[in-house]
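We're numbering straight along the sequence, starting at 1. Whatever order the structure lists them in is the order used to number ligands and atoms, beginning at 1.
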Amino acid sequence: MRNGPSTSAADREHPTPSAEFDALFHGEHRSGGFARVARLADPALPEEIEPFSFLSTDLLHHIASALALQPGDILADLGCGRGGPGLWLARDGHAKLVGIDFSPVAVAQARQRAALFGLDRNARFVTSELTATGLPDASVSAAVSIDAIQYAPGRTAAATEARRILRPGGRLVLTGWHPRTPGDPRLSARHRDTDWPAVLRTVGFTAVRCHTRTTWTDIYLRIYRTALQMGDPDGDTALAGLQSEARRRLPTAHLLRRVAVTAIAPPNGVPVT
Ligand SMILES: C[S@@+](CC[C@H](N)C(=O)[O-])C[C@H]1O[C@@H](n2cnc3c(N)ncnc32)[C@H](O)[C@@H]1O
């Protein structure tokens, strides 16, 4: 799982195809290797979430508080994967959920997992693109994207789509990585120039705030180190994949910091610049 305005170098990096995610989600369904490592790295993380991301308990609670869901709200989870984080947030906020992901394998697993959260009637999952969700204009009260939006084939296009589906005043919370030093040549194109607040402001979001906490970055690094400490994956393809990513990413991971960016959709009629 590789983590990572306008047509920047990051936009030009080849998007990861859905078939690659399909294979990863098949592996995770068989072994649960990623979720097991995530729980070892952060034992307080609710067991049923089984994230396929670098979510931590502290970050989860930060997201819940930033979303400020009200009973009956509709939450969109953009790049929902196997569904757990969005399902947990919707249940916590007494909201309904619509999950979006371009991997049909992830979407099928998320549909099956909704019952674990008691949300089988109040959650639905759609196979579609971050840049073209298929959801109607202004149809959701809030949106979250956990370690997913950086994969979109165009960050500005994904942010514009998030703005389009949000009702005016609706909140967006996204998580990802920023370079500690903007433009750092040691980082991959996906991360080197990432500036989510700039992307969100460009498409008209207001009240854009970027938060970071040492503990979020610590858990990111701990997930990689824990995976490597587990040694021989013994046929666990999800663990093997995470170990391979850890070997590639750990040498430069300290050059990044985890961020959560919150923003509010503007009133109707404010143009996308
Ligand atoms: C790192 S995973 C995070 C999954 C989930 N948010 C979680 O926290 O467990 C990234 C997700 O984004 C999805 N994704 C990547 N590119 C996408 C795209 N262009 N359109 C829709 N979904 C995409 C992948 O299929 C994957 O489920």
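- Numbered from 1 in the order shown, with element, the atoms of ligand 1 that lie under 4.0 Å from a heavy atom of F52 read 1 (C), 2 (S), 3 (C), 4 (C), 7 (C), 9 (O).
- Residue D147 approaches ligand 1 through these ligand atoms, each under 4.0 Å from one of its heavy atoms: 1 (C), 10 (C).
- Those atoms of ligand 1 with a heavy atom of F25 less than 4.0 angstrom away are 25 (O), 26 (C), 27 (O).
- Rounding to the nearest 0.5 Å places OG1 of T131 at 10.5 Å from CZ of R164.
- Residues R248 and Q243 form no side-chain contact, since every pair of their non-hydrogen atoms from C-beta on lies 4.5 Å or further apart.
- The closest approach between any non-hydrogen atom of F54 and ligand 1 is not below 4.0 Å.
- For the pair V98 and L75, the minimum side-chain heavy-atom distance is 4.5 Å or more.
- Counting all heavy atoms, side chain and backbone alike, F125 lies closest to A114 at CE1-CB, 4.3 Å.
- Residue P51 has at least one heavy-atom neighbour below 4.0 Å for each of these atoms of ligand 1: 9 (O).
- In summary, the side chains of T215 and D58 do not present any donor paired with an acceptor at a separation below 3.5 Å, with no hydrogens or angles considered.
- Looking at ligand 1, you won't find any N or O of S103 less than 3.5 Å from one of its N or O atoms.
- At least one N/O-N/O distance between S53 and ligand 1 falls below 3.5 Å.
- Here the side chains of I63 and V144 are in contact, with some heavy-atom distance below 4.5 Å.
- Residue G79 places at least one N or O, backbone or side chain, under 3.5 Å from an N or O of ligand 1.
- Residue contacts with ligand 1 do not include L55, since none of its heavy atoms lies under 4.0 Å from the ligand.
- Taking 4.5 Å as the limit, every side-chain heavy atom of Y224 sits out of range of all side-chain heavy atoms of V37.
- Ligand 1 lies less than 4.0 angstrom from a heavy atom belonging to S128.
- No part of S145 comes within 4.0 Å of ligand 1, judged by heavy-atom distances.
- The shortest heavy-atom distance from A106 to ligand 1 is not under 4.0 Å.
- Of all atoms in ligand 1, numbered sequentially from 1 with element shown, those under 4.0 Å from a heavy atom of P153 are 19 (N).
- Between I100 and ligand 1, no pair of N/O atoms sits closer than 3.5 Å.
- Annotation: side chain of R213 is not in contact with side chain of R257 (no heavy-atom distance under 4.5 Å).
- A heavy-atom distance below 4.5 Å is found between the side chains of R36 and D236.
- Within the 4.0 Å heavy-atom criterion, the part of F21 lying near ligand 1 is the side chain and not the backbone.
- Of the N or O atoms in E129, one or more lie within a sub-3.5 Å distance of an N or O in ligand 1.
- In this structure, L55 CG and Y220 OH are separated by 14.5 Å, a value rounded to the nearest 0.5 Å.
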- Message: Please determine whether side-chain hydrogen bond (donor to acceptor under 3.5 Å, both in side chains) holds for the pair D147 and T175, giving the CA-CA distance in whole Å, both sets of side-chain angles, and the decisive distance to 0.1 Å.
- Response: CA-CA 5 Å; D147 299 352; T175 69; 2.7 Å; yes
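- Geometrically, ligand 1 and A152 share no nitrogen or oxygen pair separated by less than 3.5 Å.
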